[in-house]
4 protein chains.
Amino acid sequence: MRAAETAPAPTAQRVREAALELFAERGYHGTGIRQLAERAGLSSASLYHHMGSKEELLGALMRESLERLLAEAQAVAAGEPDPGERLCALVRMHVRSHGERPLETRVVDGEVAALTGPVRAEVVALRDRYEALWHATIDAGLDAGQFHVTSPALARRALLEMCSGVARWFDPAGPTALPDLAEQYVDLARALLGATATAGRRVDGDTPRPV
Amino acid sequence: MRAAETAPAPTAQRVREAALELFAERGYHGTGIRQLAERAGLSSASLYHHMGSKEELLGALMRESLERLLAEAQAVAAGEPDPGERLCALVRMHVRSHGERPLETRVVDGEVAALTGPVRAEVVALRDRYEALWHATIDAGLDAGQFHVTSPALARRALLEMCSGVARWFDPAGPTALPDLAEQYVDLARALLGATATAGRRVDGDTPRPV
Amino acid sequence: MRAAETAPAPTAQRVREAALELFAERGYHGTGIRQLAERAGLSSASLYHHMGSKEELLGALMRESLERLLAEAQAVAAGEPDPGERLCALVRMHVRSHGERPLETRVVDGEVAALTGPVRAEVVALRDRYEALWHATIDAGLDAGQFHVTSPALARRALLEMCSGVARWFDPAGPTALPDLAEQYVDLARALLGATATAGRRVDGDTPRPV
Amino acid sequence: MRAAETAPAPTAQRVREAALELFAERGYHGTGIRQLAERAGLSSASLYHHMGSKEELLGALMRESLERLLAEAQAVAAGEPDPGERLCALVRMHVRSHGERPLETRVVDGEVAALTGPVRAEVVALRDRYEALWHATIDAGLDAGQFHVTSPALARRALLEMCSGVARWFDPAGPTALPDLAEQYVDLARALLGATATAGRRVDGDTPRPV
DNA sequence: CATGAATGAGACTTCATTCAT
DNA sequence: TATGAATGAAGTCTCATTCAT
């Protein structure tokens, strides 16, 4: 256990990290195999002992990122029966996840077009399942009268775009800690959805306004 | 006159359009000179009569897009002395512009990293000037007591991310027309900023809530 | 007459001059059609109204240079029955010619390999005829007992190499005027060939030494 | 041992040799990467495992040739305190070197213009240092009263041009062996410089003549 | 596992040349 | 004559990938 924590990252892991960094920095097509090898501390030939092909590597990174995100979302959603609270939990998790792993977000959001064949379909399917969770939650909140928006379709999209943006600018060394930021985003999301105050959050008499 | 409308676009223009489409679809590094030539209906050698290099072409596209966006923003801002109204006008213009020219947005937002040297600096400077206009407007609204947010920095970022997202999904053939969508975004923006009701917009007694 | 002297060089002539300069500076293969056009003040398409092809242009330049050189040599040789004097006259003419037109020399000496087909053969034949004149003169001087060298073949070659070198470094703005330089080369040539003193040139009793 | 003599040259060496041959035959700009690859027995892509770029390859060839020539000249010069003898040794070495490696000479003399940037400056500097050695030796001979020329500057230039010419025509299969040729050049050089007879070389009473 | 060497395919770009205007 | 536009061929170089060692 303790050994594992301090042991040098196994080579395969170093390759993944190098790929994640470079694909995020320069894009998939803008990253060469040799740059990848150099960043991973290997020769370009050795790289192929740890991966199938450049595209398979990208596919694996994207699939794993989305699978983890989806799993976290499902875990969070499972623990919150109330739609309003569930959405807050999703926002909180999403912002934390995107703030902690901005590289993954940039790759997942920006390199879908670089994928071809069945892997691309898989990745798109995962992304759709993740978004479906948000949609279902928002719809449940609307049905329950907790949210008040003029256009649910728009609110869904605007909300996710807004929350994902954090990956593009959040700086862990900046003035706001990530958990605080997540709470601020929760508030923004509630405002966006015209959320009814929930226990302990809003003073009584607070009037929700449709947006 | 009508003939002019259907006349074939001048070659140079066809090259720009082809580049815009392909750079948006597949990214700068994912687009080859031959694809560009084919889409423009030229041989790859002929392409070079209408552009300097692939990178110069990208740079020109990005610079022009940003210059137009900035000019529109300045025109809009100049016409609205009231910060709240000015922000609404900016949001409206931004959403319309992004909905009408989603390709430009994708390229401008996604390919800055493909640029090198002084052109990159120019493009970044233009983008910063555009954002500074938003920041100044939001700050003015806060100073005037028209907006109520807990974190201005966050609101600025979240707001722009949200509004830019429209370029990624708006479908002109969809159920919502672009002007309507723009108005909905204006409402979302007001909600996000905790905007005080302005004349004719909100019923009396509406209580602004900080977000 | 006077008009012709001050009239702008006809375009065809400007093309020749541009080609001569560039082929001398950068070599035939190192010179592009567009550079040629720019130097001549034309578009690259217009160039083809004044020349056949790039290679024909090179061939014409080389042929004309060698034809002029050969004609001058023949004129000079025809006027000097004495082999010793004839060789001096050849050296004098060669040095002056090479000092006055260094570009032609560089092209003629350096770009034979760029020529193909019958033009190349022509050029080589002209060069051989020119050298044959020198050879015949040297042989005549040896037969007449005017020159004393251990290896005629070597002397012939060394002499020409030495005399041609002037094209590579002579500076008309330098301290030595070309006619003076030519006389110095005549002296060098005489020394190289172990030439017997001729009237007015060497004091009586001067002993020729074989080299 | 003997096996080593006939073993195939290492690939990198084959590339250098191919480049030397082709650059000498057709010039740097007249030689294509594919020709280079074919002559070296490689694919054009493989070439780049053994060189940086075509120009770097040229630069390396030129630098090494000049460095070797300079080193040989310095070794030769160091062993001869007498200026007259030193010059003879330089001529002897120069002629042998140029006769043995005519390709290098052609490239070094003909392709300086193809070089750009700092490598060009380096190569020119090496060439200047080599020539400075000759100049110093000639000046020392003049100061010591061993040489008698009317124009030292001219003699220096004419001498080097003459000696370098050997690379352009010497045929190892011809009637004169290289060491003999070198001695003949030594004699020519002495004649050119009006060298005083030195021990064992000239009969007493030999009168030096200025040239 | 690791890598130097190799390579077919393709990258971007320029070549010399032609032709309609 | 002059030239902008066009192009097939070729330029130099890098691509992702394989394989013998």
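The chains referred to below are lettered A, B, ... by the order of the sequence lines, with proteins before strands, and numbering in each begins at 1. For the numbers below, each heavy atom of this structure counts, side chains included, while hydrogens, waters and symmetry mates do not.
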List, one per line, each side-chain donor-acceptor pair under 3.5 Å for residues 51-62 of chain A, sequence neighbours excluded.
residue : atom : partner  : partner atom : Å
A/Ser53 : OG   : A/Glu55  : N            : 3.4
A/Ser53 : OG   : A/Glu56  : N            : 3.2
A/Lys54 : NZ   : A/Tyr28  : O            : 3.1
A/Lys54 : NZ   : A/Thr31  : O            : 2.8
A/Glu55 : OE1  : A/Thr116 : OG1          : 3.4
A/Glu55 : OE2  : A/Thr116 : N            : 2.8
A/Glu55 : OE2  : A/Thr116 : OG1          : 2.7

**OP:** Please work out which residues in residues 16-24 of chain B have a non-hydrogen atom less than 4.0 Å from an atom of DNA chain E and list them by number.
**Re:** none
Subject >> Test item: C/Leu47 and C/Val15 side chains (from C-beta on) under 4.5 Å apart, heavy atoms >> reply: yes
**OP:** Keeping to residues at least two apart or across chains, list the salt bridge (charged side-chain N to carboxylate O under 4.0 Å, His left out) pairs with something in residues 18-31 of chain B.
**Re:** B/Glu21-B/Arg39, B/Glu25-B/Arg39
Subject >> For B/Ser44 against B/Ile33, the heavy-atom pair lying closest together >> reply: CB-CG2, 3.7 Å
Original post:
For nucleotides 14-21 of chain F, read 5' to 3', which letter fits each nucleotide if B means a protein heavy atom sits under 4.0 Å from the base, S means only the sugar-phosphate is that close, and - means neither?
Top reply: BBBBBB--
Original post:
With rounding to whole Å, what would you report as the distance between F/dT21 and E/dC1 at their C1' atoms?
Top reply: 13 Å
Subject >> DNA chain F base-pair string [pairs: Watson-Crick or G-U under 3.5 Å; |: paired with another strand] >> reply: .||||||||||||||||||||
Mind listing the side-chain donor-acceptor pairs of residues 118-128 of chain D below 3.5 Å, one per line with the distance, residues two or more places apart or on another chain?
residue  : atom : partner  : partner atom : Å
D/Arg120 : NH1  : D/Leu115 : O            : 3.3
D/Glu122 : OE1  : D/Arg63  : NH1          : 3.1
D/Glu122 : OE2  : D/Arg63  : NH1          : 3.4

Original post:
Starting at CG of B/Leu58 and ending at C1' of E/dC12, how long is that distance when rounded to a whole Å?
Top reply: 15 Å
Original post:
What heavy-atom pair brings D/Pro102 and D/Ala167 nearest, and what distance separates the two atoms?
Top reply: CB-O, 3.3 Å
Original post:
Whole Å only: how far is the CG atom of D/Leu42 from the C1' atom of F/dC13?
Top reply: 15 Å
Subject >> Whether D/Gln35 side chain and D/Gly32 backbone form a donor-acceptor pair below 3.5 Å >> reply: yes
**OP:** Using heavy atoms to find the nearest nucleotide of DNA chain F for B/Leu47 and C/Leu47 separately, return the residue whose nucleotide is more 5′.
**Re:** C/Leu47
Subject >> Closest non-hydrogen atom pair, C/Gly27 against C/Glu111 >> reply: CA-OE2, 3.1 Å
Subject >> CD (D/Glu38) with more than 12 external heavy atoms under 6.0 Å >> reply: no
Original post:
Would you say the side chain of C/Arg14 lies within less than 4.5 Å of the side chain of C/Leu42, judging by non-hydrogen atoms?
Top reply: yes
**OP:** Rounded to the nearest angstrom, tell me the gap between atom CD in B/Glu56 and atom P in E/dC12.
**Re:** 15 Å
Subject >> Atom pair CG/CZ of C/Asp109 and D/Arg168 - distance to nearest 0.5 Å >> reply: 7.0 Å
